[in-house]
Amino acid sequence: MSIAALITWLITALGGFYLLGTWLARGGVRQQQTKTTRFPAPVILGHFLLAAAGLVVWIIYVAADTKALAWAAFIILLPVALLGFTMLARWIPLYRAGTPAHTVRAVGSTTATTAQEPAVPAERSFPLPVVIGHGLFAVLTLVLVLLTALGVGGS
């Protein structure tokens, strides 16, 4: 089960890298100054850094098979999940608003703009399938890590 958790964690991380890259490329950090983004940089970067740290702990657990490391990885995942749900809650109303990302510019864009073009939060460019996949694999990872820490199904 520890290997299954590692695989789901890696898949989750790939989706997370894509989302973070999209947010950065669309000017998410620059949007902090204008408050265009709904994702404060400490939330999105904290989510990423804690998830990466937890993954490192989990890889060490898989190699060393030390129960304390499994529990440490699970404990690290709890704030990761909380930050993830926070971002999801902030993203859903933006997604439902339905402003097509390709019809407006991101703040800090180098393209010519007019006064009629409103700035769009960077996270509006997140593809729905990636958000859903990232979230589902994250939940599955959390469950598998907990079950492994509890000793269910072997290591």
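Note that the numbering runs from 1 along the sequence shown for the chain.
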Taking atom [atom1] of [X] and atom [atom2] of [Y], what is their separation to the nearest 0.5 Å?
| X | Y | atom1 | atom2 | value |
| --- | --- | --- | --- | --- |
| Ile44 | Arg38 | CD1 | CZ | 14.0 Å |
| Thr141 | Ile7 | OG1 | CD1 | 10.5 Å |
| Leu83 | Leu50 | CG | CG | 6.5 Å |
| Leu49 | Ile76 | CG | CD1 | 12.0 Å |
| Leu69 | Ile60 | CG | CD1 | 6.5 Å |
| Thr8 | Leu142 | OG1 | CG | 10.0 Å |

With clusters defined by side-chain heavy atoms of hydrophobic residues (ILVMFWY) lying less than 4.5 Å apart, directly or transitively, does [Y] cluster with [X]?
| X | Y | result |
| --- | --- | --- |
| Leu14 | Leu20 | no |
| Ile11 | Ile3 | yes |
| Leu78 | Trp9 | yes |
| Phe126 | Leu88 | yes |
| Val56 | Ile75 | no |

Please examine the side chains of [Y] and [X], heavy atoms only from C-beta on, and report whether any two atoms are closer than 4.5 Å.
| X | Y | value |
| --- | --- | --- |
| Trp71 | Leu146 | yes |
| Ser2 | Trp58 | yes |
| Tyr18 | Pro127 | yes |

For this session: Using modelled atom types only, decide if a donor and an acceptor are shared between the side chain of Glu123 and the backbone of Thr22 within a distance under 3.5 Å.
Result: no
Exercise. Between Phe17 and Phe48, is the ring centre distance below 6.0 Å?
Worked result: yes
How close do [X] and [Y] get, counting heavy atoms only, and between which atoms?
| X | Y | result |
| --- | --- | --- |
| Arg26 | Ser125 | NE-OG, 3.4 Å |
| Val130 | Gly15 | CG1-O, 4.0 Å |
| Thr37 | Gln31 | CB-OE1, 3.4 Å |
| Gly16 | His134 | N-ND1, 3.3 Å |
| Met1 | Leu147 | SD-CB, 3.5 Å |
| Thr36 | Pro121 | O-CG, 3.2 Å |

For this session: Could you walk me through whether Tyr95 and Arg124 pass the side-chain contact (heavy atoms from CB on, under 4.5 Å) test, one step at a time?
Result: CA-CA 6 Å; Tyr95 176 76; Arg124 176 62 187 104; 3.9 Å; yes
Exercise. Got more than 12 heavy atoms from elsewhere within 6.0 Å of CZ, Phe137?
Worked result: no
Exercise. Going through the checks in order, is the side-chain contact (heavy atoms from CB on, under 4.5 Å) test met by Thr148 and Phe74?
Worked result: CA-CA 10 Å; Thr148 303; Phe74 176 73; over 6 Å; no
For this session: Kindly indicate, with the supporting measurements, whether the criterion side-chain contact (heavy atoms from CB on, under 4.5 Å) is fulfilled by Trp91 and Thr86.
Result: CA-CA 9 Å; Trp91 179 80; Thr86 299; over 6 Å; no
For this session: Let me see the working for Leu10 and Leu55 under side-chain contact (heavy atoms from CB on, under 4.5 Å), right down to the final yes or no.
Result: CA-CA 8 Å; Leu10 290 171; Leu55 178 57; 3.9 Å; yes
